[in-house]
Amino acid sequence: MSYTLDKYRNIGIAAHIDAGKTTVTERILFYTGISHKIGEVHEGAAIMDWMEQEQERGITIQSAATTCFWKSCQINIIDTPGHVDFTIEVGRSLRVLDGVVSVFCGVAGVQPQSETVWNQANRYDVPAIIFINKLDRIGADYFAAIEDINTKLAVGRAVAMQIPLGESESFSGLIDVLTGKMIRFYNDDRDMQKDVAFEDAPAEYADQIKSMYATIVEKASEADEVLGEKFLNEQPISLEELRQGIRNGVVKRQLFPAFCGSAFKNKGVHLLLDAVVDFLPSPLDVPAIKGIDVKTGLEVERRSSDKEPFSALAFKIMTDPFVGVLTFTRIYSGVLKSGSYVYNASKETKERVSRLLRMHANKREEIKEASAGDIVAVVGIKEINTGDTLCDEAHPVLLESIDIPVPVISTSVEPKTKADYEKMVIALKKMNQEDPSFNFTYNHETGQTEIAGMGELHLEIVVDRLKREHKVEVEQGKLRVAYKETIQKTVDAEGKFIKQSGGKGQYGHVWLKLEPLDRGAGYEFKNGTTGGSIPREYIPAVEKGMAEAITSGILTGSPVVDLRVTVYDGSYHDVDSSEIAFKMAAKMGFREGMAQALPVLLEPIMKVEVDTPDEYMGDVMGDLNARRGRISGTETKGSIQIVKAEVPLGKMFGYSTELRSMSKGRASYTMAFECYREVSKSVQDEIVAAAKK
């Protein structure tokens, strides 16, 4: 059966780790008839967590795509990881989705990664509905969780749509405020829960339903002009008009309706599915995707229509042992057919699509064609990276790419046998193509291969995959922080490379200006030469020399960031000047200038949240201070104290073990990358001395 675009829902399930995203997805697959047995995360049997590492750890590592059907709608779902080390999986999924179900734990409320995910959804303007999960847990509070969301994330725009019946273990049903109907769950029998019975709500809830209904009408009226006019004129508003008003508010990201339940106990998922269909946008509801016309350089739009020229974004690359490289693609416009040719506007290459697949986690269903709104896997494209645009060669367009986070931690890996070295490099290249937040380099000074990623778990998974998937046994070195270097002062520097031999010599001469930029600005190169002091054909060589020079600073050999380099003068020799000479002169000038420009080391700072019982709070705060941490605030949730701090990554290695010891196993923590920050002179001296050793 084919569905019209207004019946498509491209959604993601996203949240903090352990809030229940994958469990929600598993229930959705069961109730929509895609799976006939519920896969449990804690048993390592979840359909969407198909990797061995996911099943063993009970966490999601790679985003997985699937398709299901509910109330005459096709729902394409991406289940994303909650662990901060795999944040790129969330970011690149949100980039191509039209809506998201943000899952929150009913006990913990807003947690660090749920905040990160929410900000990523803001970044890409993705509409969201909210599901407060785990209401069967002790301490769960639906209304407190919504208040927490409104305070920290939604700024008063999250609105309760249901009333839970009972708390914790006695949580037995819901009241749907819009209809005034009660849904009672009599037991946890999974087959019985496939059909939900609606009854009239008990009379004692009438006042609460009336009050909450009025709030929903008011919030929806603020987001919808037609509804707002009726509300101000005190005209009656039908249930259908109210639903449409809520939907319009959701699409504009001015309203976030909140639903509740316990996915593990099979409660509330049906109503969540109804909400996905009723309130999250179809591809037709969201603004047309914008891009740059490759031929003219002007901004153009591609509307969600089969009649528009083909355009799509490759948001994930995966290597499948049976079919090769899979390119997960969101089609924004036009039609893609199996066996056709596509143009990669990012690489300026043309490739043939050998097969099209609809994915269900790691299972595949072959299809002949896909059209606007579809999320499919393409087989046959060899040269492609995350964020590349695929389009019609006659109408080339370049869509906005995907933000790639910068790795903050590294380690060395060495194969146990020399014969395995080439195998290891091929495997690392594949993993880098799949996950651009992971990279690897060969260190010529130490003769070691270094891998870098977003955290300890990220690198642990990489090493584990080398052993299991690629059969390469490696020895891992000590974890190292990915420092960066920058400058604090504007300086002028001269670089002169002169080499005389028996025949033709080498001559390159440049004057450079090095200027510090704001933190996070990156690197800029400018050509400021006038009057032909350096011939135009040598400027690219100067730029290339600079690009190589900034990969290794003078303090610890770390990459240099947040500076602008301008070449503004120099000289050349008619016979002896060459590209290599100017490239060398640029490198010499850079090192000379950096030594004078007050170089400083930047270290990654992590946002840390520790949940601890009262009696250990003093020890936890004292320990964080000893790690050069800055306490940014504390919060109380029941008997638990939440300590928030910013701590250098270099001081957080082994923290989980020490925290367990300190709190007799009762405290826990989460950590996410915050920013790069300058280190003090004394700390810098220590780090530089250790690096030189």
Side-chain angles (χ1 to χ4, degrees), residues 1-12 63-69 73-78 92-99 124 126 280-294 300-318 325-347 350-360 364-381 384-402:
M1 179 179 177
S2 62
Y3 290 80
T4 54
L5 266 179
D6 63 313
K7 298 295 184 184
Y8 271 56
R9 301 291 182 272
N10 288 320
I11 68 164
S63 54
T66 190
T67 298
C68 61
F69 306 90
C73 278
Q74 175 175 318
I75 306 174
N76 299 319
I77 302 175
I78 297 180
R92 61 182 171 186
S93 300
L94 287 173
R95 169 66 181 83
V96 298
L97 292 170
D98 300 324
Y124 294 117
V126 182
L280 283 178
S282 75
L284 296 175
D285 296 318
V286 295
I289 191 80
K290 288 183 171 65
I292 302 297
D293 187 312
V294 174
V300 291
E301 286 187 347
R302 288 283 187 270
R303 293 186 303 278
S304 287
S305 167
D306 295 356
K307 295 182 174 65
E308 290 263 312
F310 169 67
S311 69
L313 192 77
F315 68 93
K316 179 179 168 70
I317 315 295
M318 192 175 94
V325 176
L326 292 175
T327 303
F328 284 76
T329 306
R330 161 68 194 263
I331 301 175
Y332 284 102
S333 62
V335 176
L336 178 62
K337 294 184 178 181
S338 179
S340 64
Y341 283 87
V342 293
Y343 181 67
N344 183 335
S346 308
K347 296 265 188 303
K350 185 178 174 182
E351 298 210 44
R352 185 176 177 272
V353 174
S354 58
R355 292 164 71 193
L356 286 177
L357 305 173
R358 179 167 284 133
M359 298 300 292
H360 179 52
R364 302 166 296 276
E365 173 198 343
E366 190 154 350
I367 55 177
K368 292 298 177 191
E369 68 174 46
S371 52
D374 277 326
I375 292 175
V376 294
V378 178
V379 182
I381 299 179
I384 193 158
N385 290 328
T386 296
D388 283 0
T389 300
L390 300 177
C391 59
D392 177 1
E393 191 175 13
H395 303 88
V397 65
L398 200 56
L399 304 178
E400 182 190 353
S401 192
I402 293 169

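Positions are given from 1, in the same order as the sequence printed here.
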For Ser346 and Thr389, indicate whether the former's side chain and the latter's backbone hold a donor-acceptor pair under 3.5 Å. yes
Looking only at heavy atoms, the pair that brings Val342 and Phe310 closest together is CG1-CE2, 3.7 Å
Rounded to the nearest 0.5 Å, what separates atom CD in Glu369 from atom OG in Ser340? 9.5 Å
Using modelled atom types only, decide if a donor and an acceptor are shared between the side chain of Ser304 and the backbone of Gly373 within a distance under 3.5 Å. no
Out of curiosity, Lys368 NZ to Ser338 OG, how far, rounded to the nearest 0.5 Å? 5.5 Å
Any heavy-atom pair between the side chains of Val378 and Ile384 that's under 4.5 Å? no
Which atom names give the shortest non-hydrogen contact between Val335 and Ser371, and what distance separates them? CG2-CB, 4.0 Å
Locate the shortest heavy-atom distance separating Leu313 from Glu400; write the atom from each residue and the value. CD1-O, 3.8 Å
Walk me through it: do Val96 and Tyr332 pass the test side-chain contact (heavy atoms from CB on, under 4.5 Å)? CA-CA 9 Å; Val96 298; Tyr332 284 102; 3.8 Å; yes
Checking Glu308 side chain against Arg302 main chain: does a donor-acceptor pair fall under 3.5 Å? no
So, does Ser333 use its side chain to make a donor-acceptor pair with the main chain of Pro309 at under 3.5 Å? yes
What one should report as the nearest heavy-atom pair of Gly339 and Arg352 is O-NE, 3.5 Å
Separation between CZ of Arg303 and CG of Leu284, rounded to the nearest 0.5 Å: 11.0 Å
Using side-chain contact (heavy atoms from CB on, under 4.5 Å) as the criterion, point out the one residue from Asn344, Val294, Ile292 that pairs with Pro396. Val294
Run the side-chain contact (heavy atoms from CB on, under 4.5 Å) check on Val325 and Ile381 step by step: do they pass? CA-CA 7 Å; Val325 176; Ile381 299 179; over 6 Å; no
Heavy-atom nearest pair, Arg330 first then Ile375, reads CD-CG1, 3.9 Å
Under 6.0 Å from the NZ atom of Lys347, do we count more than 12 heavy atoms belonging to anything else shown? yes
Which heavy atom of Val376 sits nearest to which heavy atom of Ala370, and what is that distance? CG1-CB, 3.8 Å
Is the backbone N or O of Ile77 less than 3.5 Å from a side-chain atom of Thr66, with the two atoms forming a donor-acceptor pair by type? no
Under 4.5 Å between any side-chain heavy atoms of Phe328 and Thr386, yes or no? no
Any heavy-atom pair between the side chains of Ile78 and Phe315 that's under 4.5 Å? yes
One should read off an interatomic distance between Met318 CE and Thr327 OG1, to the nearest 0.5 angstrom, of 10.5 Å
Would you check, one step at a time, whether the test side-chain contact (heavy atoms from CB on, under 4.5 Å) holds for Ser282 with Arg9? CA-CA 5 Å; Ser282 75; Arg9 301 291 182 272; 3.5 Å; yes
Residue of the set Asp374, Asp98, Thr67 for which side chain to side chain donor-acceptor pair (under 3.5 Å) holds with Asn76: Thr67
Under a 4.5 Å cut-off applied to non-hydrogen side-chain atoms, are Ile317 and Asn385 in contact? no
Enter the distance from Ile331:CD1 to Leu336:CG here, rounded to the nearest 0.5 Å. 5.0 Å
